[in-house]
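For the numbers below, each heavy atom of this structure counts, side chains included, while hydrogens, waters and symmetry mates do not. The chains referred to below are lettered A, B, ... by the order of the sequence lines, with proteins before strands, and numbering in each begins at 1.
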Amino acid sequence: MADKEKDSKKVSRRKFLVKGGLGTIGVVAIGAYLFRSPIRRQILGVVNSLEAPYLDNIDQPMIWFEVTSDNNILLHSPKMEMGQGTFTGIAQMAAEELSVSMNQIQVVHAASSTGNVDSFATGGSTSISGLWKPLRELSAMLRVMLLKEAALKMNVDIDQLSVVDGVISGNGKTLTYAQAAEGVENWEVPDVPVLKDAKDYKYIGQPIARVDLDAKVYGDPIFGMDAEMPGMLYGAVVRASKIGSTFISADTKAAESMPGVVKIVVEDDFVGVVENSMIEAENAKDAINVTWDSYDNLNTDAIVKMMTVGNGKSSVIQKNGDSFGDQDEVVTLEFRSPIGAHAQIEPNGVVAFVDGDTATIKISTQVVGLTRKEVAKRLDLDVEKVNVIPTYLGGGFGRRLHTPHAVQAAIMSKVVGKPVKYFFSRKEEFQHDMFRPPTHHVIKGKLNEEGYLAGLEHQFVSGDVATDSALIPNALTNFLGADVGAIRGGFIQYTAIPNFKAECWHVELPFATSWWRSLGLLANTFAMESFIDEMALKANMNAVDFRLHQIADEPIDIRLKNVIKAAAEKANYSEEVKDGRAMGFAASIDANTPCAQVVEVSIVDNEIVVHKVTVAMDPGLAVNPDQIRAQCEGCVIMGMSAVLYEQMFVEDGELTPTIYGPYQMALMKNAPKEIDVVLLQGKDTPGAVGEPPLGPIGAAIANAVRRLTGERLTELPLKLSKKA
Amino acid sequence: MEISLTVNGILKTVDIADENTPLLWVVRDTLDLKGTKFGCGKAACGACTLLVDDEAVRSCSYPVKFAEGKKVTTIEGLGDRENPHPVQQAWIEEIVPQCGYCQPGFMMATAALLNKVPKPTDEDIDKNIINVCRCGTYYRMRKAIHKAAELQAEKVINESKEV
């Protein structure tokens, strides 16, 4: 018991540091030199490696699990399933310590009424790594709890009991978990038992098929868009098509006489209609004439001009040695990335029912806790009385790290006294996305006499990622002096270079930008790794050797070197152009997971064609190697799509395009025919998987094009300027 | 007005105020078959793909009146857990879905392709499978489409043996 107390004290201390601490510091440090402050460096380490363990309810197995009468286990997951495979991984982890078979575990999204609410979010590639220790501990605790009850019921000493597939045996008797649990009202939560040894794993490490595979292949109604409530009506919300619009007034006369109108709801910040059918709601919405105060003349050029290094606030996030001194022989290249849309196929939507002092919200969201708080606050309800029932997500990618439409649906429901379902049109999705911010990078480098870098400097500017995101207190950004999302991938990973510096600038844009899968990594790695390739060419060195020589020898550096070597070897990396094809190389570290990629491209009709991608990644222990491969394949294709085709424009104050097609994305015909994934295990715990493979793809393609055509492409999306 | 159509083998008569209502909403909201998805409403992404008389149709932009008297197949009618369609079987064997939202549309488009081209080449796939998947599952989908073609061929052989 004494140990237990010590344990829980340790937990609460950690809670204070990571959860309470950052929000209450309240220090504003503009233009901070991050690298000089040991506290900032340490916090940045946590933010950057994202390896903090999950901390909510980790000593209460009873709110995580239910034992069902047919001897199955329900696992109420505080983490959402959005395609990343988390449900499968956590089912493996739980089955392992509970000693049940995989098909005895059913994972469901924890409704907030169960109490198992994630106070943060599903995001940042943290679900498996964060739950690794606490979930196995909780599972083992539940096993011991069930064994204790079984021992009493069977009248057998607990030490003589063993479990196989949820059936307890000992002394010639057997009892199922369900029988052991039956009738027990008060459970004693035990100390954390000793966990299984890695060599005894039965499920962890196996390429087990996704637990949601059948539901997704047979078309089960599992998504937010499929959610309903009895007697529900349909809502729609009028949205401005221009950037920066603030609501002035609404003329609702024409809409009031439209068929099916139940109610028109005019609030301070939005106008909604509630109708009997979705189509009527959309029609009535179009008949409402809202006067907005908007930015009318904004265009893409103005955004690009704003988003230029030297504008806004800056923070030096990394520094070693001196600056370049003599400016002779300094190579400078500039890179740009555009505004990117999430374009997840399931639109944002919600069904809400406010009934007296309670609210029920069915929604696909990455932030159950935040959504719950926002609804409670706006409707003045007790937070405990707001039940958010999360569904499967038809894509997350960071888009659903803020889902305030739950508040609008709840207000409409309160007004009409019935459940209201509403979702975004595709045009609204594109115009009211929380975009990936555009970036600009100025990179300088200088070679020494041996042909390696004597100095390297990365100056870059981005719009908001974490700043003003509702999820992370601005105090954190202010304290660090840099946007914790924008800096992902912006660091110099070749720290054997004697002199280097990375400096992040922040510019606020007139429209919302925020979390887009991998945050700053996609653009930062594109810029950095393109530049490194150009310097290797200038030095007349092999791009792989050039990189390996300039990486230091910390554990993470060794893991980076290993993935670089593995990718080069597996792909047979060569700098020779052969049969009209060339290879390109790039590597990155994100959230403590190093990843290297080799791509093979050709040019057909002046278009870049990616034939093959080899990925080598070290995510640590692979809980489910098949799903890690799937994430690598998916990131390669999503990343390709972003770096070759995708781009939002601003025309006369409107974000455009507003539909797939004009917003060009990778299709089947564009996807590489070969994706080869090599997984290394450089540490014995699981690390980040769902975002790190997005890093290298942009530069790897650009570097291949450079070797094939001689042209250095410096802007995303990558377009050849001349006939190759 | 009343419209009659056969949905997944069962004759249905629906009473629809506007005959131009997209078939998608009749299937999803009137018939409560939620497997066919809304993605864009402009036939640009293919999430709503289903079969009308065995042809792939983007149902978000297909007025229900055109389905009068026709045979509509949705993902729920393609196959089930006891008797999966070769496309579903292949999707399971290759573990294709990630978020899963676009997958029914892709599976229906693939089923339509295999009806016409039983053994599609990569070029056939590139030309005919033009839906959008944001998770980037195209690589596994291509493998699954080739596998589905094999499974379907085996099924045809086995069925002809039984006859």
_Go through it in stages, so that I can follow the logic: the residues are Gln98(B) and Gln627(A), the test is side-chain hydrogen bond (donor to acceptor under 3.5 Å, both in side chains), and I'd like the CA-CA distance, side-chain angles, deciding distance and then a yes or no._
CA-CA 9 Å; Gln98(B) 287 186 25; Gln627(A) 280 309 300; 5.9 Å; no
*Aromatic ring proximity, centroids under 6.0 angstrom, Tyr101(B) and Tyr392(A)*: no
_Main-chain N/O of Gly39(B) paired to Arg426(A) side chain as donor or acceptor, under 3.5 Å_ = yes
*Can any side-chain N or O of Arg210(A) pair as donor or acceptor with the backbone N or O of Ile95(B) at less than 3.5 Å?*
no
*Result of checking Ile145(B), Val132(B), Asn128(B), Ile130(B) against Met668(A) for side-chain contact (heavy atoms from CB on, under 4.5 Å)*: Ile145(B)
*Quick one: which of Leu33(B), Asp122(B), Val87(B), Thr36(B) has the most heavy-atom pairs under 4.5 Å with chain A, could you say?*
Asp122(B)
*Least distance between heavy atoms, Lys34(B) atom then Pro221(A) atom*: CB-CB, 3.8 Å
_Short N-O contact, Asp29(B) and Lys421(A), less than 4.0 angstrom_ = no
*Would you call Tyr139(B) and Ile637(A) a side-chain contact if the rule is heavy atoms closer than 4.5 Å?*
yes
*asked:* Would you say that Glu228(A) contacts Asp32(B) through its side chain, given a criterion of any heavy-atom pair below 4.5 Å between the two side chains?
replied: yes
_Run the salt bridge (charged side-chain N to carboxylate O under 4.0 Å, His left out) test on Lys37(B) and Asp226(A) for me, step by step, so that the C-alpha distance in whole Å, both residues' side-chain angles and the decisive distance to 0.1 Å come before the verdict._
CA-CA 9 Å; Lys37(B) 300 303 183 196; Asp226(A) 305 332; 2.6 Å; yes
*Before giving the answer on salt bridge (charged side-chain N to carboxylate O under 4.0 Å, His left out), spell out for Glu633(A) and Lys143(B) the whole-Å C-alpha distance, their side-chain angles and the decisive distance to 0.1 Å.*
CA-CA 13 Å; Glu633(A) 294 158 9; Lys143(B) 290 204 273 185; 5.6 Å; no
*So which of Ser425(A), Gly396(A), Ala215(A), Ala630(A) has the biggest tally of heavy-atom pairs under 4.5 Å with chain B?*
Ala630(A)
